[in-house]
Number of protein chains: 2
Amino acid sequence: MRIGELAERAGTTAKTLRFYEEQGLLPPAERTPSGYRDYAPETAARIDFVHRGQAAGLTLAQIRQILDIRDDGAAPCEHVRDLLDARLAEIEQQIAQLAALRDTITELRRDAAHPEPATCSPDQVCRYL
Amino acid sequence: MRIGELAERAGTTAKTLRFYEEQGLLPPAERTPSGYRDYAPETAARIDFVHRGQAAGLTLAQIRQILDIRDDGAAPCEHVRDLLDARLAEIEQQIAQLAALRDTITELRRDAAHPEPATCSPDQVCRYL
DNA sequence: CTGGACCTTCCAGTGCAGGGGAAGGTCAAG
DNA sequence: CTTGACCTTCCCCTGCACTGGAAGGTCCAG
């Protein structure tokens with residue numbers, strides 16, 4: 001299978017697959033005599049895994065770590081668990097920060113509900129911010 | 001006042017102030033005969049405004065829009081209100097997406113609580129993801 | 001008159017996940 | 001034999017807000 005066909009099957013682009021190979025997410029592809037990349041159909045499953053990892057909010061570097069462990073012949077379960085835990089903690093923190101920001105902006109917005117341009121000195125640029 | 005002193009007063013770096021000037025957040029500074037930037041003390045208030053805008057989650061480009069309106073002699077109140085509304089909507093959406101992602105990962109994590117490597121086929125790389 | 005602190009410009013890189021496009025090779029159909 | 005779709009490598013660009021560093025100029029104290 002050539003790169004374009006694989007890309008379409010996996011719901012991505014040829015450009016992205018070359019990028020994944022360069023990043024070590026896909027092993028260097030076999031080549032046809034003329035130099036075209038030639039993929040086994042199973043490669044699509046690996047790309048699907050990359051997509052599942054992305055859907056779980058993992059970076060390509062983290063997904064690569066999992067694939068490397070698997071390629072070494074080991075089961076990556078524990079590492080996956082650690083990554084999920086770390087990602088979860090990050091997300092909780094991000095949510096907390098966004099919630100705080102939302103509260104801040106909500107308050108600013110309430111103050112700015114009835115703008116009175118005359119009371120805004122140019123020095124402060126905008127008294128609602 | 002030279003750039004280093006202004007930077008320290010405003011809690012930032014000389015590098016950043018040059019960058020702000022380049023981005024149009026600060027007007028081109030006056031120059032001493034030898035070419036050094038020479039700032040009026042009021043410039044610090046403008047930098048403070050930039051910081052308040054950032055604290056409200058606005059991008060430098062958005063903050064620049066507000067400053068441009070003010071520099072045109074108008075009061076930017078309404079534009080500020082629109083920006084805050086837009087930012088608020090973005091934040092709500094980001095929070096919702098993160099919450100959904102958190103739920104997804106929480107579920108994955110629960111499934112992976114007691115990893116059974118033997119049941120993970122190398123084909124799927126990791127059955128918990 | 002020398003050292004060091006400060007300033008100038010310009011170029012380049014950071015992290016993330018690719019995208020755009022040039023210049024050229026390959027392959028099958030018409 | 002040519003056209004067009006596909007492939008190859010290569011390098012640069014995107015957004016965001018800076019940051020680092022090189023090469024050189026300025027200013028003040030000792």
Side-chain angles (χ1 to χ4, degrees), chain A residues 1-26 28-39 43 46-67 83 86-87 90-91 94 97-98 101, chain B residues 1-26 28-39 43 46-67 83 86-87 90-91 94 97-98 101:
Chain A
M1 189 171 16
R2 285 183 310 180
I3 196 168
E5 188 186 344
L6 177 62
E8 194 171 2
R9 283 201 198 185
T12 184
T13 66
K15 206 98 186 177
T16 297
L17 295 186
R18 287 188 205 100
F19 174 72
Y20 283 177
E21 178 177 319
E22 191 188 312
Q23 299 301 303
L25 292 157
L26 296 178
E30 299 291 304
R31 299 292 181 134
T32 67
S34 62
Y36 286 13
R37 285 179 181 77
D38 189 18
Y39 292 97
T43 314
R46 195 176 174 100
I47 300 167
D48 283 345
F49 177 77
V50 173
H51 289 158
R52 292 202 303 280
Q54 288 191 304
L58 300 182
T59 66
L60 292 185
Q62 292 172 326
I63 296 167
R64 191 202 153 147
Q65 289 173 6
I66 301 172
L67 289 166
L83 285 175
R87 187 73 191 101
E90 275 175 28
I91 290 174
Q94 287 172 15
Q97 282 172 4
L98 283 175
L101 186 53
Chain B
M1 190 169 20
R2 286 183 310 181
I3 196 168
E5 189 186 344
L6 177 61
E8 194 172 1
R9 284 202 199 185
T12 183
T13 67
K15 207 99 186 176
T16 297
L17 294 186
R18 286 187 206 103
F19 173 72
Y20 283 177
E21 178 178 317
E22 190 188 310
Q23 299 300 303
L25 292 157
L26 297 178
E30 298 291 304
R31 299 291 180 133
T32 67
S34 62
Y36 286 13
R37 286 179 180 77
D38 189 19
Y39 293 96
T43 313
R46 194 176 175 101
I47 300 167
D48 283 346
F49 177 77
V50 173
H51 289 158
R52 292 202 303 281
Q54 289 191 301
L58 301 181
T59 66
L60 292 185
Q62 292 171 327
I63 295 166
R64 190 203 154 146
Q65 290 172 6
I66 301 172
L67 289 166
L83 286 175
R87 188 70 191 104
E90 274 175 29
I91 290 175
Q94 287 172 15
Q97 282 173 4
L98 283 175
L101 186 53

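Per chain, numbering begins at 1; letters A, B, ... match sequence-line order. Just so you know, these numbers use all the heavy atoms, side chains as well, and skip hydrogens, waters and symmetry mates. Since the model is a prediction, treat every value here as computed from it, not as a measurement.
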Visitor: Using 0.5 Å steps for rounding, measure from the CG atom of A/Leu26 to the CG atom of A/Leu6.
Guide: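 If I round to the nearest 0.5 Å, the distance is 7.5 Å.
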Visitor: Taking atom P of D/dC27 as reference, at what distance in whole Å does atom CZ of B/Arg31 sit?
Guide: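 So the two atoms are 14 Å apart, to the nearest Å.
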Visitor: Applying side chain to side chain contact (heavy atoms under 4.5 Å, CB included) to A/Ile47 and A/Thr16, what does each step give before you reach the verdict?
Guide: CA-CA 10 Å; A/Ile47 300 167; A/Thr16 297; over 6 Å; no
Visitor: According to a strict under-4.0 Å criterion, is A/Arg18 in side-chain N/O contact with OP1 or OP2 of C/dG20?
Guide: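 Checking C/dG20 against A/Arg18, no side-chain N or O comes under 4.0 Å of OP1 or OP2.
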Visitor: Tell me: CD1 of B/Ile47 to C1' of D/dC18, nearest whole Å?
Guide: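 After rounding, the gap between these two atoms is 15 Å.
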Visitor: Applying side chain to side chain contact (heavy atoms under 4.5 Å, CB included), run through A/Phe19 and A/Leu60 and close with a yes or a no.
Guide: CA-CA 11 Å; A/Phe19 174 72; A/Leu60 292 185; 3.7 Å; yes
Visitor: Report yes if a side-chain nitrogen or oxygen of B/Arg64 is closer than 4.0 Å to either non-bridging phosphate oxygen (OP1 or OP2) of D/dC16; otherwise report no.
Guide: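 No, because none of the side-chain N or O atoms of B/Arg64 sits under 4.0 Å from OP1 or OP2 of D/dC16.
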Visitor: Using the closest heavy atom to pick a nucleotide of DNA chain D for each, name whichever of B/Tyr20 or A/Lys15 lands nearer the 5' end.
Guide: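 Between the two, 5'-proximity favours A/Lys15.
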Visitor: Salt bridge between A/Glu21 and A/Arg18, side-chain N to carboxylate O under 4.0 Å?
Guide: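 No.
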Visitor: Would you kindly give the CG-to-C1' distance between A/Leu60 and C/dG19, to the nearest whole Å?
Guide: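 Value for this atom pair: 15 Å.
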Visitor: Nearest whole angstrom, please: distance from the P of D/dC27 to the CD of B/Glu5.
Guide: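 From B/Glu5 CD to D/dC27 P: 16 Å.
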Visitor: OP1 or OP2 of D/dT19 less than 4.0 angstrom from a side-chain nitrogen or oxygen of B/Thr13, does that happen here?
Guide: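 Checking B/Thr13 against D/dT19: at least one side-chain N or O falls below 4.0 Å of OP1 or OP2.
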Visitor: Under 4.0 Å between a side-chain N/O of B/Gln23 and OP1 or OP2 of D/dG15, yes or no?
Guide: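 Answer no for this pair, as no side-chain N or O of B/Gln23 is under 4.0 Å from OP1 or OP2.
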Visitor: Rounded to the Å, how far apart are B/Glu22 CD and C/dC11 C1'?
Guide: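 In whole Å, C/dC11 C1' lies 12 Å from B/Glu22 CD.
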Visitor: Side chain of B/Ile3 only, please: which of D/dA17, D/dT8, C/dC7 is the nearest?
Guide: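 Closest of the options to the side chain of B/Ile3: C/dC7.
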Visitor: Atom CZ of A/Arg87 to atom C1' of C/dC16: distance rounded to whole Å?
Guide: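 In whole Å, C/dC16 C1' lies 13 Å from A/Arg87 CZ.
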Visitor: Pairs under 3.5 angstrom, nitrogen or oxygen only, protein versus nucleotides 25-29 of chain C, please.
Guide:
| unit_1 | atom_1 | unit_2 | atom_2 | d |
| --- | --- | --- | --- | --- |
| C/dG25 | N2 | A/Tyr36 | OH | 2.6 |
| C/dT26 | O4' | A/Tyr36 | OH | 3.1 |
| C/dT26 | O2 | A/Tyr36 | OH | 3.3 |
| C/dC27 | OP1 | A/Ser34 | OG | 3.1 |

Visitor: Walk me through whether A/Leu58 and A/Ile66 qualify under side chain to side chain contact (heavy atoms under 4.5 Å, CB included).
Guide: CA-CA 11 Å; A/Leu58 300 182; A/Ile66 301 172; 4.0 Å; yes
Visitor: Between A/Asp38 and A/Arg31 (side chain of the first, backbone of the second, donor and acceptor by atom type, cut-off under 3.5 Å), is there such a pair?
Guide: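 The answer is no, because no donor-acceptor pair under 3.5 Å joins these two groups.
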Visitor: What's the CZ-C1' distance between A/Phe19 and C/dG15, to the nearest Å?
Guide: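 One finds 11 Å between C1' of C/dG15 and CZ of A/Phe19, rounded.
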Visitor: Side-chain contact test, heavy atoms from C-beta onward, threshold under 4.5 Å: evaluate it for B/Arg52 versus B/Asp48 and give yes or no.
Guide: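 Yes, their side chains come closer than 4.5 Å.
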Visitor: Does the side chain of B/Arg37 get closer than 4.0 angstrom to OP1 or OP2 of C/dC7 through an N or O atom?
Guide: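 Indeed not, no polar side-chain atom of B/Arg37 lies that close.
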Visitor: Compare side-chain N and O positions of B/Gln62 against OP1 and OP2 of D/dA17 and report whether any pair is under 4.0 Å apart.
Guide: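 False: B/Gln62 side-chain N/O out of range (4.0 Å or more) of D/dA17 OP1/OP2.
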Visitor: Take atom CE of B/Met1 and atom P of D/dC27, then tell me their distance rounded to the nearest Å.
Guide: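 To the nearest whole Å, that distance equals 18 Å.
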